[in-house]
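Remember, predicted model here, so these are calculated numbers, not experimental data. Note that these values count all heavy atoms, side chains included, but never hydrogens, waters or copies made by symmetry.
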Amino acid sequence: MTEYDGYNGRIILDGEAILLIRHGVKSRLSGHSQGTRRIPFQALSDVRFREAGRLVNGYLQLGLGGVEPKPVTGPNAAADPDTVLFVWARREEFHQLYAWLQHVVKVNRASGIEPSAVPYDVGAGGKVAGTDKRAAVQQERDAGQSVAPSPWPVVNPPETTPARLPQLVVAPAWLPGDVEVEVAGEAHRRESVRAVAADPGVDGVRSAVLVPEPPSSRYPDAVAIFVQTHLVGYLAKEISSQVHRAVLDFAASRAGQLPSCPAEFYENFGGQQVLLMLDPRPLGLPLTLFSHEPELARVVDTLLGRLDHSSPSLQGRHDAARQTLAAAEADCAAASDARSDERAASTWPSLERTLKQIVNQMERAADPDVAAAWLTLARCTRFQKGKRDDTLTAYINCLHFDRGNVDAWLELFAYVCSAPYVPMLLDLYRRAPLPVRPAIARHLLGVSYGTDRHGNLSAHGGTRLRTGLKSLAVSQQDRGTVAVLDADAGRRAEKAGDHDGAIAAYREAIAAGSTDSKVADRLSIWLIKQGLYAEAAAALTQALQQPPETTSTRERLEKRLQRCQRALT
């Protein structure tokens, strides 16, 4: 609900109606009875407004039931039951309310709504105002007979929805939630998407409306997405038919109201991505409808069970297969380095056949190098079309035989992040051994921020991924992952100007065992300034256990450590 505080009353928009609330001393002094009036939007026929000055209050007056509003002046405006005064400090928000109510009046007129037929509260006790026609409508409702809703929630829908938001029968219903709904087709509407992305919205919130296409449309089951009145795309065709029916049913039960929710914009390598943050439950839709598990994630899920069993003991040796594998690995590396137009079309299929033979020979001989053979096979099939499942199987089999193979883990995560699905990534991460997790965590941080080579994960999904990784690491006492995540959080807090947050995160990273030289460098500077030489020395000693990337960094940390030791002695 949106609330506007006036001098002698408050106005609240609850999604279906205006609530005009009178309370307090100023309201009583104006002669108003204390209480709340409920005025449906359809009863609004006019709205009048006067700007506030620094010495003179402004006012907003409602015209209701098709009756001409009474002329008001400064002295009698406060006593008018349909008028709310506001002071200079509230002028901008009341001006926004005035503009929005003007839109409601226009929609009512364009849709043929008769305000005199809509009941509304007037005065204390909820007394119903209106003509005999209005009373008849109310009697019909009291008798349990519903008033027929508008035949379509959009006024005079054209054959296809226009580029700007069409006139709606009534103002939309606000249904914000945490279900992430992807919008399709933004690439075909780049100008509109750019225009909306540049619009900050109201208080930083951009409003999206789900508009069902009319029967005359080329795609009558489609659901158009309008953000800040611009058409930015449509819902995915896999769910549009079901959502289309649900939206129409929702509108029919709420006098033509369409669902509305916040829209968020994210930048990725393919351009702007639009996401809706919707609560689908009022539409009667299950949350799972919008949980689009990629096919790749479903395949991974069928293979993960292989990693739940202990790696088999391999004590054999197949010398001929090992020699063939060494040659195949060299050929695979050369083919990967070659340009695609310089590589024969038969290169990858030929290597694949060779490696499959090697795998069979080594598995029969229980040769531990079978893990390397599976990894090389994955490197051959990942470049071939239609080999997705074979590639995933090869990576998983490699890890089944050699759970600590860091290269295989990193390549597998890089491969599955082409279609990142947070539950799948967390399930896969859960099965990685603790020693290899920090390297994977650094890669997943890039994925979470959309800076990996695919850039397909939204900012909202990235937040869920980082939160999930931290929760998983804490629950499994995975200090390595905690150290990586806290170090990243500290750097980002410092970059954002949150000095206290950065120091807290750096300290947590060091406590978790971080040997990141940058963390020790930044934290030790602050600790020394505070005179905390012992803590600074411990952080520097810990970081120097693993040689820093550059000689200059190592020398700087060593000199600072010596300073701390001198201060302590």
*Asks:* With rounding to the nearest 0.5 Å, note down the distance linking CD in E182 to CD1 in I225.
*Replies:*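 Atom-to-atom, E182:CD and I225:CD1 are 12.0 Å apart.
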*Asks:* Measuring from atom CG of L296 to atom CG of L392, what distance do you get when rounded to the nearest 0.5 angstrom?
*Replies:*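 Separation between the atoms: 5.0 Å.
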*Asks:* Do you know the tightest heavy-atom contact between P172 and V209?
*Replies:*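 Smallest interatomic distance, heavy atoms only, reads CG-CG2, 4.0 Å.
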*Asks:* Counting distance only, does the side-chain N/O of Q542 pair as donor-acceptor with the main-chain N or O of I510 below 3.5 Å?
*Replies:*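 Side chain of Q542 to backbone of I510, a donor-acceptor pair under 3.5 Å: yes, one is there.
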*Asks:* Can you check whether H400's main-chain N or O pairs, donor with acceptor, with S311's side chain at less than 3.5 Å?
*Replies:*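 Side chain of S311 to backbone of H400, a donor-acceptor pair under 3.5 Å: yes, one is there.
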*Asks:* Using every non-hydrogen atom in the two residues, find where R317 and D319 come nearest and quote the distance to one decimal.
*Replies:*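 Looks like NE-OD1, 2.5 Å.
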*Asks:* List the steps, then state whether side-chain contact (heavy atoms from CB on, under 4.5 Å) holds for L165 with V211.
*Replies:* CA-CA 9 Å; L165 180 64; V211 180; 4.0 Å; yes
*Asks:* For A538, is there any backbone N or O sitting under 3.5 Å from a side-chain donor or acceptor partner on T541?
*Replies:*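 No, the answer is negative, given that no donor and acceptor are paired below the 3.5 Å cut-off.
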*Asks:* Can any side-chain N or O of S471 pair as donor or acceptor with the backbone N or O of T467 at less than 3.5 Å?
*Replies:*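 Side chain of S471 to backbone of T467, a donor-acceptor pair under 3.5 Å: no, none is there.
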*Asks:* Any chance you could lay out the salt bridge (Lys or Arg N to Asp or Glu O under 4.0 Å) test for D427 and R430, step after step, and finish with the verdict?
*Replies:* CA-CA 5 Å; D427 280 346; R430 185 179 291 109; 2.7 Å; yes
*Asks:* Quick one: are K559 and R556 in side-chain contact, heavy atoms under 4.5 Å?
*Replies:*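 Not touching, per the 4.5 Å side-chain cut-off.
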*Asks:* A quick test of your reading: do over 12 heavy atoms of other residues, nucleotides or ligands sit less than 6.0 Å from NZ of K470?
*Replies:*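 Enclosed.
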*Asks:* So L289 and P280, do their side chains get closer than 4.5 Å, heavy atoms only?
*Replies:*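 Not touching, per the 4.5 Å side-chain cut-off.
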*Asks:* Does the pair S240 and Y219 meet the rule for a side chain to side chain donor-acceptor pair (under 3.5 Å), with working shown?
*Replies:* CA-CA 10 Å; S240 62; Y219 303 103; over 6 Å; no
*Asks:* Looking at CG of L540 and CG of L557, how far apart are the two atoms once the value is rounded to the nearest 0.5 Å?
*Replies:*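 These two atoms lie 6.0 Å from each other.
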*Asks:* Give a yes or no on this: more than 12 heavy atoms of other residues, nucleotides or ligands lie within 6.0 Å of atom CD of Q546.
*Replies:*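 Open: at most 12 neighbouring heavy atoms sit under 6.0 Å from CD of Q546.
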*Asks:* What's the verdict on side-chain contact (heavy atoms from CB on, under 4.5 Å) for V370 and D402, showing C-alpha distance, side-chain angles and the deciding distance?
*Replies:* CA-CA 9 Å; V370 67; D402 182 8; over 6 Å; no
*Asks:* So how far is it from F401 CZ to R306 CZ, rounded to the nearest 0.5 Å?
*Replies:*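 Those atoms lie 5.5 Å apart.
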*Asks:* Check this for me: does any side-chain nitrogen of one of D516 and K518 sit under 4.0 Å from a carboxylate oxygen of the other?
*Replies:*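 No salt bridge links D516 with K518.
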*Asks:* Would you call D249-R245 a salt bridge at under 4.0 Å N-O?
*Replies:*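 Between R245 and D249 there is no salt bridge, as every charged N stays at least 4.0 Å from the carboxylate O atoms.
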*Asks:* So which atom in H454 and which in A414 form the shortest heavy-atom distance, rounded to 0.1 Å?
*Replies:*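 Closest approach of H454 to A414, heavy atoms only: NE2-O, 3.5 Å.
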*Asks:* Does some side-chain heavy atom of W409 sit less than 4.5 Å from a side-chain heavy atom of R403?
*Replies:*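 A side-chain contact exists here, since the closest heavy-atom pair is under 4.5 Å.
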*Asks:* Using a 4.5 Å cut-off on heavy atoms from C-beta on, say whether the side chain of L351 contacts that of T376.
*Replies:*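 No; the side chains remain at least 4.5 Å from each other.
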*Asks:* List the steps and the verdict of side-chain contact (heavy atoms from CB on, under 4.5 Å) for F226 and L168.
*Replies:* CA-CA 12 Å; F226 289 84; L168 307 180; over 6 Å; no
*Asks:* Hey, does R189 have a side-chain heavy atom less than 4.5 Å from the side chain of Y234?
*Replies:*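 Y234 reaches R189 side chain to side chain.
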*Asks:* Determine whether a donor-acceptor pair (N or O, by modelled atom type, separation under 3.5 Å) exists between the side chain of E186 and the backbone of V274.
*Replies:*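 Looks like yes, one N/O pair under 3.5 Å.
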*Asks:* Look at the aromatic rings of Y415 and Y395 and report parallel, tilted or perpendicular, splitting at 30° and 60°.
*Replies:*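 Y415 vs Y395 ring planes: tilted.
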*Asks:* Would you check if the side chain of T451 reaches a backbone N or O of G446 as a donor-acceptor pair within less than 3.5 Å?
*Replies:*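 Checked: pair present.
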*Asks:* Looking at E342, I want to see if its CD is surrounded by more than 12 non-hydrogen atoms of other residues, nucleotides or ligands under 6.0 Å.
*Replies:*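 Count over threshold, so yes.
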*Asks:* Specify the closest pair of heavy atoms between L210 and V243, including all atoms of both residues, with the distance to one decimal.
*Replies:*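 Looks like CD2-CG1, 4.3 Å.
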*Asks:* List the atom pairs, donor and acceptor, that lie under 3.5 Å between side-chain atoms in residues 324-336 and the rest of the protein, sequence neighbours left out.
*Replies:*
unit_1 : atom_1 : unit_2 : atom_2 : d
T324   : OG1    : A320   : O      : 2.9
S336   : OG     : C332   : O      : 2.9

*Asks:* Please tell me if the side chains of R522 and R491 come closer than 4.5 Å, counting only heavy atoms from C-beta onward.
*Replies:*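 No, every pair of side-chain atoms sits at 4.5 Å or beyond.
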*Asks:* So, taking the atom named CD1 in I239 and the one named CG in D221, what distance separates them when rounded to the nearest 0.5 Å?
*Replies:*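 These two atoms lie 13.0 Å from each other.
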*Asks:* Run the side chain to side chain donor-acceptor pair (under 3.5 Å) check on D301 and Y421 step by step: do they pass?
*Replies:* CA-CA 11 Å; D301 187 58; Y421 182 62; over 6 Å; no
*Asks:* Between R442 and V484 (side chain of the first, backbone of the second, donor and acceptor by atom type, cut-off under 3.5 Å), is there such a pair?
*Replies:*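 No, R442 side chain to V484 backbone: no donor-acceptor pair under 3.5 Å.
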*Asks:* Is there a donor-acceptor pair under 3.5 Å between the side chain of Q228 and the backbone N or O of S207?
*Replies:*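 Side chain of Q228 to backbone of S207, a donor-acceptor pair under 3.5 Å: yes, one is there.
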*Asks:* Decide side-chain contact (heavy atoms from CB on, under 4.5 Å) for L258 and V154; before the verdict, give the C-alpha distance in whole Å, the side-chain angles of both, and the deciding distance to 0.1 Å.
*Replies:* CA-CA 9 Å; L258 290 175; V154 179; 4.2 Å; yes
*Asks:* Between CG of L303 and OG1 of T393, what distance do you get to the nearest 0.5 Å?
*Replies:*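 Spacing of CG (L303) from OG1 (T393) equals 4.5 Å.
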*Asks:* For R437, is there any backbone N or O sitting under 3.5 Å from a side-chain donor or acceptor partner on Y429?
*Replies:*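 Side chain of Y429 to backbone of R437, a donor-acceptor pair under 3.5 Å: yes, one is there.
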*Asks:* What is the minimum heavy-atom distance between A493 and G501, and which atoms define it?
*Replies:*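 Distance-wise, the nearest heavy atoms are CB-C, 4.0 Å.
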*Asks:* Whether the side chain of R206 engages the backbone of D199 through a donor-acceptor N/O pair (distance < 3.5 Å, no angle test) should be reported.
*Replies:*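 Yes, because the side chain of R206 sits within donor-acceptor range (under 3.5 Å) of the backbone of D199.
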*Asks:* Evaluate the side-chain proximity of L410 to I440: yes if any heavy-atom separation is below 4.5 Å, no if none is.
*Replies:*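 Result yes, sub-4.5 Å side-chain heavy-atom pair found.
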*Asks:* Are the side chains of P212 and P153 in touch, meaning some heavy atoms are under 4.5 Å apart?
*Replies:*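 Heavy-atom side-chain distance check passes, below 4.5 Å.
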*Asks:* If you look at every heavy atom in P176 and D279, which pair is closest and at what distance?
*Replies:*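 Of all heavy-atom pairs spanning P176 and D279, the closest is O-CB, 3.4 Å.
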